[in-house]
Amino acid sequence: MAGSRDSDDVLQPAAGGGLLHRRALLSQGLILATATAAAPAFAGEPAVSQSADPLDPHPASLTTPGAPFSPYGQPSQHERRIMRAVGSNADVPGNGVSWTPLEALEGIITPSGLHFERHHNGVPAIDPRQHRLMIHGLVRQPLTFSLEALQRYPMQSRLLFLECGGNSNAGWHAEPIQRPVGSFHGLVSCSEWSGVPLAMLLDEAGVDPQAQWAVVEGADAGALNVSVPLAKLREDCLVALYQNGERLRPEQGYPMRLIVPGWEGILNVKWLRRLHLTAEPAMSRDETAKYTELQPDGTARQFTYVMEAKSVITSPSAMQRLKDKGFYEIKGLAWSGRGRVARVEVSADGGKSWTDAQLQDPVLPRCFTRFRAAWNWSGEPAILKSRATDETGYVQPERETLVAERGRRGYFHYNAIVAWAVADDGTVSHVYA
Ligand SMILES: Nc1nc2c(c(=O)[nH]1)N[C@H]1C(S)=C(S)[C@@H](COP(=O)(O)O)O[C@H]1N2
Ligand SMILES: [Mo]
């Protein structure tokens, strides 16, 4: 980088540890032309070959006819290792999770085939022609809807994150877990969901003024059911039929699921079958024995619906290795169940100094926001952190603060600041710092 007159200008530090003013992002060409920047790779992976000659006059693709058309496209065969990590529960068939590989993705949309999964009893095989949604209980007239009938209602599309209440729960462990970021924080994904606003269907059924809740049930084994406040259902919930433009994937609730924007995953009942309107919550298993949390004072938190603001740096991140000192784009994701992300700050010196990351458009409520910051790694050990603030003014807490508040017996709603340590050999690990 030394030697270029102009580079001095863009390399103004924005904070400690090599964080650069965001103008550096606009001048990447300049910086990369004079430094050997390398994308981080998984530890142990061979270095990307530098030998491919971009001017090779004889690549086979120029002289051989290409593959024929395909009725449904698949990712490149060279990307096959990009997959969900599966953590299934050996004792209960079909119970478990699979994580979105956040470290391998860009932008804000999660490809449908990489959306995280959380099934309590596997993915049911549902015949869309037989499936019905029923709205009953405290209503003037109980109604049932076929998929065909729902298809005829006016629809809405919304870009929304969906996060399991148990996401990132390894953060409660006494020792920092060493896993790729997706296998730690990847029980969150972001899709465009399209479907029928539930308020419209509730109005048709005619809600009794006594109704305050709906017990929402899925058509999977065990008929997963949870209580959702009626006010939220009316406000912005959807009966989603489409995900990223196509019909829901079976794993995401085909042929229909409830979408509860910004609230914890469990409320987003898949394979949606029934809304039973009631005056009181059902106190079902998944809102009493599970999805509640014992606190330091011995009381339990219950109905903690909103997913609070959170952010995580996806690159560089744990288990990756920086090949050389020099320029890197620090990038990651931020989201808040209360609305828009207002700000993401990043630090390269463990939180001693911070600078604002650039928020990439669009910045939408209850949706992933991609953030980026320019960083010149000196080759010295560094600790990278990101801190999200949402439009309500809520600031993502340091781990210490969260643990002081909630104790360590918690399991759900872990949203503390994540710290990645970069060692002098370029390896990145998860630390509590
Ligand atoms: N019917 C049904 N709905 C369900 C579940 C389930 O097991 N059965 N899991 C819930 C949980 S805990 C979460 S986090 C989300 C996960 O949605 P996804 O698998 O589409 O990512 O679905 C929720 N809805
Ligand atoms: Mo969940």
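In what follows, every heavy atom counts, from backbone to side chain, and hydrogens, waters and symmetry copies are set aside. Both ligands and their constituent atoms are indexed starting at 1 by order of listing.
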Taking it one step at a time, do Trp213 and Phe303 satisfy ring-ring contact (aromatic ring centres under 6.0 Å, His included)? CA-CA 12 Å; Trp213 296 79; Phe303 303 136; 5.2 Å; yes

### Side-chain donor-acceptor pair present, Arg249, His115, cut-off under 3.5 Å
no

Q. Using a distance-only test with no angle check, is there a side-chain donor-acceptor pair under 3.5 angstrom linking Tyr414 and Arg399?
A. yes

Could you tell me if Lys310 and His185 have a donor-acceptor pair between their side chains, going purely by distance under 3.5 Å?
no

Are any protein N/O atoms closer than 3.5 Å to the N/O atoms of ligand 1? If there are, list each pair with names and the distance to one decimal place.
| residue | atom | partner | partner atom | Å |
| --- | --- | --- | --- | --- |
| ligand 1 | 1 (N) | Asp220 | OD1 | 2.9 |
| ligand 1 | 1 (N) | Asp220 | OD2 | 3.2 |
| ligand 1 | 1 (N) | Lys270 | O | 3.1 |
| ligand 1 | 3 (N) | Lys270 | N | 2.9 |
| ligand 1 | 7 (O) | His120 | N | 2.8 |
| ligand 1 | 7 (O) | His120 | ND1 | 2.7 |
| ligand 1 | 8 (N) | Asp220 | OD2 | 2.6 |
| ligand 1 | 9 (N) | Arg118 | O | 3.2 |
| ligand 1 | 17 (O) | Arg257 | NH2 | 3.0 |
| ligand 1 | 19 (O) | Arg118 | N | 3.0 |
| ligand 1 | 19 (O) | Lys270 | NZ | 2.5 |
| ligand 1 | 20 (O) | Gln252 | NE2 | 3.0 |
| ligand 1 | 20 (O) | Arg257 | NH1 | 2.8 |
| ligand 1 | 21 (O) | His115 | ND1 | 3.2 |
| ligand 1 | 21 (O) | Phe116 | O | 2.6 |
| ligand 1 | 22 (O) | Arg257 | NH2 | 3.4 |
| ligand 1 | 24 (N) | Asn268 | O | 3.1 |

Margin query: Side chains of Tyr72 and Glu246: any donor to acceptor distance under 3.5 Å?
Written below: yes

Is the Phe184 ring parallel, tilted or perpendicular to the His430 ring (thresholds 30°, 60°)? tilted

